[in-house]
Amino acid sequence: MLRNEVEKMTGLRRKAIEYYEEKGLIRPEKTESGYRQYSAEDVERLQTIAAYRKLGLTLTELAEVLDAKPGALSSLLRDKQYRLSQESGKVEILEKLCAGVPLETLQDELARLEQHEDIYSRLERVFPGYFGQCFFAAYKPFLQEPIAAGGEQAYQDYITYLDALPPLQLTAKEQDYIEEISRQIDMDALDKIQTDKIQSLQNIERWIQENAHIVEQYRAYMASEDYLSSPLAQIRRKLQRYMLDNAYYQTAVPLLRSFSKSYDAYYQSLLRAETVLQDAT
């Protein structure tokens, strides 16, 4: 069937349907004249997408549900319940403050709330602004969970390490650039990138073979004058030097693995992929 019929059946607008196609959630065939021909399966998937989007699922979450990964929906439900309980706890404390309850009497409730808060929110509060974003913005998809059991000391050691580091020598313009980029991050897109990374690590040789042209384009861009003269490249060079000078990889990464189960799983997959690449060469 054609797109105008699909729009009526799903209630989705043309731009939305095109977006979900672009993201690979549906794959309509194209006729010789260039029109998209949608199947009954495409329509069913779009109806499912429309329903779950109303429930607040992200693009990555939708992909997991549509791919019928075992336990995906149950896992998402638990995650939503956890987040709702966190928000409910915050609202209750705010209501007490509005009612005139002194802040000092609510410290125990705030402490209990923090214990169940996701790692990224805690880190962002401890290190607001450009400094924190330099170190853990890239890990954000792995930090959307509470600190792992037994990981509180590692977390405290991690923030103690970061807090003791010497100043990161960035210009005011570079600092503003990092904070602006951080505000503009599309979490759906970031989640998708990290999901793709993890999936590619399961069969790194196949991924490289299938995406050789993308790898070449990426390498060409990284070597281009446009990139090398960009603020991002300058910041990246400074940050890499800073991390090496301060033994970040030897000190901070093991701590990060101790308090984030998701990052530890990704790191182990990365090590296995590197072993495969070494054996292949």
Discussion item. Taking atom OH as the centre, does Tyr242 end up with more than 12 heavy-atom neighbours from other residues, nucleotides or ligands that are less than 6.0 angstrom away?
Written reply: yes
Discussion item. Treating Glu109 as the side-chain partner and Ile93 as the backbone partner, does any N or O pair qualify as donor plus acceptor under 3.5 Å?
Written reply: no
Practice prompt. Using a 4.5 Å cut-off on heavy atoms from C-beta on, say whether the side chain of Gln169 contacts that of Lys238.
Written response: no
Discussion item. On a heavy-atom basis, which atom in Gln37 and which in Leu2 lie closest, and how many Å separate them?
Written reply: OE1-CD2, 3.8 Å
Worksheet item: Counting N and O atoms only, with roles assigned by atom type, does the side chain of Gln234 sit under 3.5 Å from a partner on the main chain of Ser229, one being a donor and the other an acceptor?
Response: yes
Worksheet item: Can you tell me if Ser262 and Ser260 form a side-chain donor-acceptor pair at under 3.5 Å?
Response: no
Worksheet item: Looking at Tyr155, does the NZ or CZ of Arg122 lie under 6.0 angstrom from its six-membered ring centre and within 45 degrees of the ring axis?
Response: yes
Discussion item. Strictly distance-based, threshold 3.5 Å: is any side-chain N or O of Ser258 a donor or acceptor partner for the main-chain N or O of Pro254?
Written reply: yes
Fill in: Exercise: do Asp118 and Ser121 side chains pair donor with acceptor under 3.5 Å
yes
Discussion item. Quiz question: by atom type and distance under 3.5 Å, do the side chains of Thr160 and Asp157 form a donor-acceptor pair?
Written reply: no
Discussion item. Can a donor-acceptor pair be found, under 3.5 Å and without considering hydrogens, that links the side chain of Gln240 to the backbone of Arg237?
Written reply: no
Worksheet item: Between OG1 of Thr171 and CD1 of Ile235, what distance do you get to the nearest 0.5 Å?
Response: 7.0 Å
Practice prompt. Using the six-membered ring wherever Trp is involved, compare the ring planes of Phe136 and Phe127 and label them parallel, tilted or perpendicular (cut-offs 30° and 60°).
Written response: tilted
Item to complete: Report, as yes or no, whether the 6.0 Å neighbourhood of atom CE on Met9 holds more than 12 heavy atoms from other residues, nucleotides or ligands.
Response: no
Worksheet item: Taking C-beta and beyond as the side chain, do Pro146 and Ile119 meet within less than 4.5 Å on heavy atoms?
Response: no
Worksheet item: How close do Tyr158 and Ala252 get, heavy atom to heavy atom, and via which atoms?
Response: CE1-CB, 3.7 Å
Worksheet item: Crowded around Glu32 CD? As in, over 12 foreign heavy atoms under 6.0 Å?
Response: no
Discussion item. Hydrophobic clusters here meaning ILVMFWY residues chained together by side-chain heavy-atom distances under 4.5 Å, can you tell me if Leu62 and Tyr19 are in one?
Written reply: yes
Discussion item. Which residue in the set Glu18, Glu29, Glu21 passes side chain to side chain donor-acceptor pair (under 3.5 Å) when paired with Arg36?
Written reply: Glu21
Worksheet item: At what distance, to the nearest 0.5 angstrom, does OG1 of Thr251 lie from CG of Leu256?
Response: 12.5 Å
Item to complete: Specify the closest pair of heavy atoms between Asp42 and Arg27, including all atoms of both residues, with the distance to one decimal.
Response: OD1-N, 3.6 Å
